[in-house]
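Structure first, commentary second.
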Amino acid sequence: MSDGSITLQHDPVNLISNSAADTRNLGALFGRIAFPGLIIELIGPPGSGKTEFTRGIAQGLGITREIRSPTFVLIHEYRDGRIPLFHMDFYRLLDGQPVGEMDIFEYENDSGLIVLEWADGIEPGLSANRICVKLGFIEADSRSISIYTDNVIGEKFMKSLRINESL
Amino acid sequence: MAVVLGIETSCDDTSVAVLDGTRQLSLITQNHLHEHVKYGGIVPEVASRQHMKAIGAVYRSALDSAQINPTDIDLIAATRGPGLAGSLIVGFNFARGLSTALSKPLVSVNHLEGHVYACWIGDNQHIPPSFPCVCLVVSGGHTELTVMDDDGYHRLLGRTRDDAAGEAFDKVARIMGLGFPGGPAIERYAELLGDMSAYNLPRAWLADSMDFSFSGLKTAVYRARNGLLGPTEERRIFKDGSYLDFQGLKRDSIVRMAAGFQESVVDVLTEKSAAAVKQVGAVSMVLAGGVAANTALRKSIKAKVGVPCFMPKMEHCMDNAAMIAMAGSIRWHSQMDHNLLYQDVDINPSLELGSGY
């Protein structure tokens with residue numbers, strides 16, 4: 001991990017979503033099995049479905065408040081679900097530049113689920129509990145979704161994901 | 001008139017202002033966004049620390065510039081939410097401490113209500129909006145359409161379902177490489193349109209709803225830039241077939257895209273505001289928040305809503321403490337919250353417009 005790249009401990013799970021509803025449903029599965037302390041990192045260009053995926057997560061957690069973009073205030077907190085959801089977005093901070101060491105995970109790190117957008121520049125190892133979800137365009141409505149992790153906590157989540165979805 | 005101190009730390013800016021009645025004596029604002037990047041560390045700790053480091057000096061220079069002493073302050077108003085928790089705490093606790101030390105009352109303010117009350121700031125001849133008044137608060141973080149029936153009473157009519165309008169400006173500007181902040185950059189390019197035609201971008205009307213959606217618009221520009229549009233979409237947006245010009249970001253096509261994007265946002269905001277005014281029988285309209293600084297939007301709303309339209313001065317469109325002082329003053333003097341002890345209230349990062357103090 002010293003070279004700054006993610007070392008895969010297991011194969012990634014690759015899926016295709018054919019609609020926004022597909023993406024949301026996958027997010028809902030994440031929300032149902034997520035546990036406090038987990039960090040879900042969403043990677044993908046504008047319109048690839050990051051917010052839609054987060055809406056699904058919220059739904060899976062039983063959150064009823066509407067999910068809106070946290071770009072401006074950096075963090076939106078939702079505390080009306082099974083566990084708290086901290087929806088973070090570093091779009092404005094990174095300004096397209098890769099960032100080295102970051103210390104974000106002081107943030108209530110064990111009490112809830114963190115969903116992180118636009119954090120592509122963060123070095124691995126610093127967000128030790130993360131699972132990455134990479135979204136990409138295929139066609140107008142379809143998206144490629146790749147799920148991978150580089151740590152034990154993430155792998156625990158992946159295992160539970162495979163069982164629940166028979167992936 | 002009463003001297004009111006306003007304190008605003010909901011997001012990137014540490015801002016302190018002094019009002020005498022409705023008249024502004026001083027407004028000092030310090031922005032920290034770029035500190036975050038330099039620092040390398042990040043939210044929310046760094047944000048709170050930046051506010052901590054700045055607030056004492058910003059407070060002192062606001063008093064100096066107003067030429068008053070701390071003992072001249074009659075009321076202290078501070079933002080309670082919405083915003084970033086760690087940032088809100090710094091400003092609100094500073095206000096709480098000051099209130100205790102000076103034995104002067106504290107009032108907590110909803111940041112979004114502050115944006116609306118920015119239109120109440122002015123000299124003694126200044127006439128504020130009459131009720132019922134439709135309010136459109138558009139900024140980097142918010143897009144809310146409400147009707148205000150009386151001081152402090154908002155009914156939510158519509159809001160964004162995804163991205164805020166100001167956020168769409170920033171993101172589209174970045175996609176086209178126009179830099180930050182995106183609002184002024186897009187506006188500058190759009191003004192160069194001249195005899196050219198603007199690209200025909202989609203408008204999310206969301207039929208039978210007063211809600212907004214700007215995410216699809218941003219995605220359309222992103223996909224156009226990266227050659228990801230389907231043929232039908234391509235023909236609809238680029239009627240003259242200049243799709244490749246835009247992918248190459250040729251100057252004229254940036255101008256046409258900036259103009260097309262701005263028209264789309266302005267059209268939707270204007271139409272919905274006009275419909276809201278009609279629907280609730282409003283007698284005035286307030287346009288506030290950072291995006292209210294956009295000249296095309298100001299012109300369009302003014303021309304089409306059919307009632308007197310109020311907009312804050314440019315310095316009061318962005319996040320600022322003068323609007324917090326104004327809103328706090330009105331809230332305090334109208335005794336809207338009866339005998340609520342503001343010293344004991346907590347900050348609320350997800351406070352909504354219309355949910356009171």
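Each chain gets a letter, A, B and so on, in the order the sequences are listed, and its residues count up from 1.
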Could you tell me the separation between the CD atom of B:Glu352 and the CZ atom of A:Arg65, rounded to the nearest 0.5 Å?
6.5 Å
From B:Arg159 atom CZ to A:Arg68 atom CZ, the distance as rounded to the nearest 0.5 Å:
3.5 Å
Does any pair with a residue in residues 53-63 of chain A pass side-chain hydrogen bond (donor to acceptor under 3.5 Å, both in side chains), and if so which ones, sequence neighbours excluded?
A:Glu52-A:Arg55
Could you grab the distance from atom CG of B:Leu84 to atom CZ of A:Phe72, nearest 0.5 Å is fine?
10.5 Å
Highest number of heavy-atom pairs under 4.5 Å with chain A among B:Arg161, B:Glu167, B:Lys171 belongs to B:Lys171
Partner residues of A:Ser146 under the side chain to side chain donor-acceptor pair (under 3.5 Å) criterion, sequence neighbours left out
A:Asn14
Between B:Asn348 and chain A, which part of the residue has a heavy atom less than 4.5 Å away: side chain, backbone, both or neither?
neither
Sorted by chain and residue number, the salt bridge (charged side-chain N to carboxylate O under 4.0 Å, His left out) partners of B:Arg235 (sequence neighbours excluded) come out as none
So if I take each residue of residues 206-221 of chain B and look for any heavy atom under 4.5 Å from a heavy atom in chain A, which residues do I end up with?
B:Lys218, B:Thr219
